[in-house]
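To find a chain, count down the sequence lines: A is the first, B the second, and so on, and within it residues start at 1. This is a predicted model, so every value here is computed, not measured.
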Number of protein chains: 2
Amino acid sequence: MREDIDPPALLRAMFRAAIEAALPARCVPPHLPKRPRGRTIVVGAGKAAAAMAKAVEDVWEGPLAGLVVTRYGHAVPCRRIEAVEAAHPVPDAAGQAAAENILAAVKGLGPDDLVLCLISGGGSALLALPAPGVTLDDKRAISKALLRSGATIAEMNCVRKHLSAIKGGRLAVAAAPARVVTLLISDVPGDDPSVIASGPTVADPTTVDDASAILDKYRIDAPQAIRDALSETVKPGDPRLARVDTILVATPQMALERAAAVARAAGITPVILGNAIEGEARDVALVHAGIARQIAVHGQPAPPPAVLLSGGETTVTVQGPGRGGRNAEFLLALAIALDGHPCIHALAADTDGIDGTEDNAGALIDPDTLARAAALGLDAKSHLAQNDGYGFFEALEALVMTGPTLTNVNDFRAILVTPGGSDGA
Amino acid sequence: MREDIDPPALLRAMFRAAIEAALPARCVPPHLPKRPRGRTIVVGAGKAAAAMAKAVEDVWEGPLAGLVVTRYGHAVPCRRIEAVEAAHPVPDAAGQAAAENILAAVKGLGPDDLVLCLISGGGSALLALPAPGVTLDDKRAISKALLRSGATIAEMNCVRKHLSAIKGGRLAVAAAPARVVTLLISDVPGDDPSVIASGPTVADPTTVDDASAILDKYRIDAPQAIRDALSETVKPGDPRLARVDTILVATPQMALERAAAVARAAGITPVILGNAIEGEARDVALVHAGIARQIAVHGQPAPPPAVLLSGGETTVTVQGPGRGGRNAEFLLALAIALDGHPCIHALAADTDGIDGTEDNAGALIDPDTLARAAALGLDAKSHLAQNDGYGFFEALEALVMTGPTLTNVNDFRAILVTPGGSDGA
């Protein structure tokens with residue numbers, strides 16, 4: 001480790017690098033195809049859709065038109081592409097109108113035309129076009145019931161796809177015979193293109209029977225009209241998808257790799273634990289604490305200086321009235337578990353810039369976090385019991401603020417272990 | 001990886017190696033001191049105490065006498081050392097009588113005499129000798145209240161030490177001016193000798209005020225007689241401990257290193273994540289699953305074939321009526337999270353041979369675990385919801401049985417990731 005680097009600055013630099021890896025202005029242009037002989041239509045959906053559209057506009061040479069839908073508050077001014085806003089995570093009429101207009105925009109194209117489809121997390125709810133026989137209220141009711149049920153994202157999206165007129169490959173079928181290039185920013189574990197935004201241009205291996213089984217499994221009270229409206233998605237091998245190219249332009253892994261490069265340049269060994277770590281935030285923190293101590297005491301899985309990097313999305317089972325997202329909760333539990341270990345600093349934050357519903361992206365801890373809190377009369381364990389990570393780190397002036405980044409490759413966690421003795425084991 | 005190795009056999013071999021590293025017959029003899037000019041008295045407490053005493057007897061040349069106390073069912077026949085049994089985790093009169101006899105055995109020794117003190121996990125409850133003014137019932141009530149309160153082991157032991165006539169260095173003070181050699185088998189995170197069995201021969205930095213604060217913090221309803229009986233332990237630097245040597249003869253880390261050597265010999269890269277991983281078993285499993293997938297898909301933190309090794313002790317918040325310990329729970333959650341990933345096998349088990357209160361040490365999973373369960377009509381998620389890991393793995397004939405091993409270096413987890421594609425990410 002170079003002498004001139006201080007851990008908080010290095011952690012912030014790694015987080016910045018992770019976000020930059022996923023910023024549309026950086027990750028979209030290198031993957032744009034050549035200008036087609038015919039027209040170019042841009043469509044898209046997701047929290048990053050407007051920023052992705054602007055990234056296309058800024059470098060595209062030639063005529064361009066189209067429409068993307070993003071979450072309320074996530075639009076950026078575009079000149080040639082229309083960027084509209086809609087509701088997330090429960091779809092609204094604006095999303096439905098956008099989906100209708102997107103389908104209309106790609107219909108009637110010819111083989112010389114190009115559809116650029118810009119997809120990012122959140123697109124599934126934003127691109128809500130009910131299948132015939134289903135109302136938006138029906139879909140909203142099903143979405144809400146599934147959100148409450150404990151169904152996984154994959155299960156929710158399986159049902160959504162089979163009740164949709166645009167998902168599960170249907171958008172690409174509508175665009176045929178035009179060429180379709182789909183650029184994806186992934187925020188889902190595994191980066192499966194058929195899962196991200198329910199894959200509007202991607203073949204879907206799941207079936208109507210799968211969707212029915214999920215409704216049964218979670219005892220979702222779906223009216224018969226809904227059951228009848230479940231319709232088959234576009235299956236792998238369908239010739240209508242022959243002219244679709246799908247490119248992952250930003251993923252959690254790419255973001256972690258960029259952060260790892262920053263660490264390496266500073267003489268610190270990066271240890272990427274996983275880009276899709278899940279689990280209850282406070283327990284995920286205990287495991288990370290155990291691994292960080294192993295680095296400090298035994299030099300495993302790497303000797304210090306080393307930084308543990310992980311991505312993915314933890315969950316918080318809310319039990320208290322406090323404020324804060326899953327990253328603040330993770331860090332608060334981590335600080336308690338590390339108990340002032342003298343060699344460990346950490347940052348955890350959401351790459352979309354918003355940890356939960358507050359105004360911070362995340363926070364930072366250092367060896368003195370608990371001591372400074374105690375000096376202010378704050379008890380870390382009580383704050384954790386209240387799920388009040390935000391209040392805790394706000395009082396310590398340890399929040400990490402970025403504002404909305406207009407992209408999302410899920411959470412970013414970095415735990416820096418510096419040399420300095422094997423105490424605190 | 002050598003072609004002739006099959007994953008379950010290799011995982012079992014690693015687990016065996018981990019246990020063997022901690023077997024008293026293997027780990028005690030190399031650390032025995034030279035025969036003293038005077039007498040040799042053996043005392044000790046813990047789940048491994050009788051097996052440790054036998055290991056001493058089997059190799060010791062010269063006269064030997066003494067007394068150790070172990071848990072009911074954990075005695076082994078000794079010839080020269082008396083091995084008695086007592087209750088764990090809540091102390092009983094047998095433990096009190098043993099503690100009195102142990103104190104008596106080391107009193108009146110001279111500078112040429114040697115006390116061999118054999119300590120292992122569980123010794124704190126087994127070596128219960130209430131301080132003057134405290135009854136065993138008082139101590140039992142406090143122990144039960146602390147067990148229920150959510151206090152950490154360290155906090156429980158702090159209170160116990162200050163209510164004890166033998167812990168917190170007091171046994172060593174009683175043995176002075178004899179030389180004391182304490183051999184420890186550690187089952188606690190960090191392997192702190194003052195924590196293992198409440199450190200009867202080890203200085204204790206905690207104070208009466210600390211013990212009082214812990215009773216307050218967890219609102220333990222302690223009668224005034226208890227508060228009055230809290231008495232100071234032997235502090236670091238006390239000259240009466242000058243002739244005490246303390247040697248860790250087996251630790252979770254040593255067990256993991258032995259398993260790692262087995263992996264290396266088979267051409268598999270061991271990745272020791274931590275010897276003291278804590279957290280709710282099912283969430284710890286999710287994190288391990290995420291790291292295992294990272295190995296499979298991205299070759300990080302090591303390329304396959306690799307084995308993730310971890311120790312420590314997870315917890316299970318019991319919500320269902322099922323059977324099974326924390327290792328079965330961990331594995332069941334791991335199998336669900338891995339969802340049939342074709343390249344991942346795992347074993348999790350308690351090195352003491354008993355996972356919770358059943359007759360198994362742990363269990364094994366493989367890529368077909370969920371499919372075989374489904375074929376038997378078993379739903380893994382329902383079994384997890386019921387905390388019924390034992391029932392699940394019993395039906396699959398996937399339990400790992402060792403019988404009590406008469407040692408304990410806490411849990412052992414090994415997740416083997418073999419090469420074979422990046423699917424299932």
Side-chain angles (χ1 to χ4, degrees), chain A residues 150 152 154 188-192 217 251-253 256-257 260 269-302 306 308-315 317 333 337 339 379 381-382 385 422-425, chain B residues 150 152 154 188-192 217 251-253 256-257 260 269-302 306 308-315 317 333 336-337 339 379 381 385 422-425:
Chain A
T152 65
V188 304
D191 308 321
D192 181 346
K217 175 178 171 188
T251 64
Q253 179 69 18
L256 294 176
E257 295 281 9
T269 307
V271 178
I272 298 182
L273 282 180
N275 64 50
I277 301 289
E278 298 175 280
E280 183 74 19
R282 64 185 62 195
D283 293 286
V284 175
L286 287 177
V287 179
H288 280 71
I291 302 170
R293 282 184 190 277
Q294 189 76 10
I295 291 176
V297 179
H298 295 286
Q300 297 168 329
L308 289 175
L309 296 169
S310 72
E313 187 170 325
T314 63
T315 48
T317 305
D339 197 21
D379 179 57
K381 288 186 185 175
S382 314
S422 60
D423 49 333
Chain B
T152 65
V188 304
D191 308 320
D192 181 346
K217 175 176 169 187
T251 64
Q253 179 69 18
L256 293 176
E257 295 281 9
T269 307
V271 177
I272 298 181
L273 282 180
N275 65 52
I277 301 288
E278 299 176 281
E280 184 73 19
R282 62 184 64 195
D283 293 285
V284 175
L286 286 178
V287 179
H288 279 70
I291 302 171
R293 282 184 189 277
Q294 189 75 11
I295 291 175
V297 179
H298 295 286
Q300 297 168 330
L308 288 176
L309 296 170
S310 72
E313 187 169 325
T314 63
T315 48
T317 305
I336 293 167
D339 195 22
D379 179 56
K381 288 186 186 175
S422 60
D423 50 333

task: Report the option among B:Ala333, B:Ser310, B:Ala302, B:Gly290 that has the most heavy-atom pairs separated by less than 4.5 Å from atoms of chain A.
output: B:Gly290
task: Against chain A, work out which of B:Ile277, B:Thr315, B:Ile272 has the most heavy-atom pairs shorter than 4.5 Å and name it.
output: B:Ile272
task: To the nearest 0.5 Å, tell me how far A:His298 NE2 sits from B:Glu257 CD.
output: 7.5 Å
- request: Could you tell me the separation between the CG atom of A:Asp379 and the NZ atom of B:Lys217, rounded to the nearest 0.5 Å?
  value: 7.5 Å
message: Just to verify, which of B:Val287, B:Val284, B:Leu286, B:Asp283 counts as forming a side-chain contact (heavy atoms from CB on, under 4.5 Å) with A:Glu280?
response: B:Asp283
- request: Compare every heavy atom of B:Ile291 with every heavy atom of A:Ile291, then report the nearest pair and how far apart it is.
  value: CD1-CD1, 4.2 Å
B:Gln294 side chain vs A:Asn275 backbone, donor-acceptor pair below 3.5 Å: yes
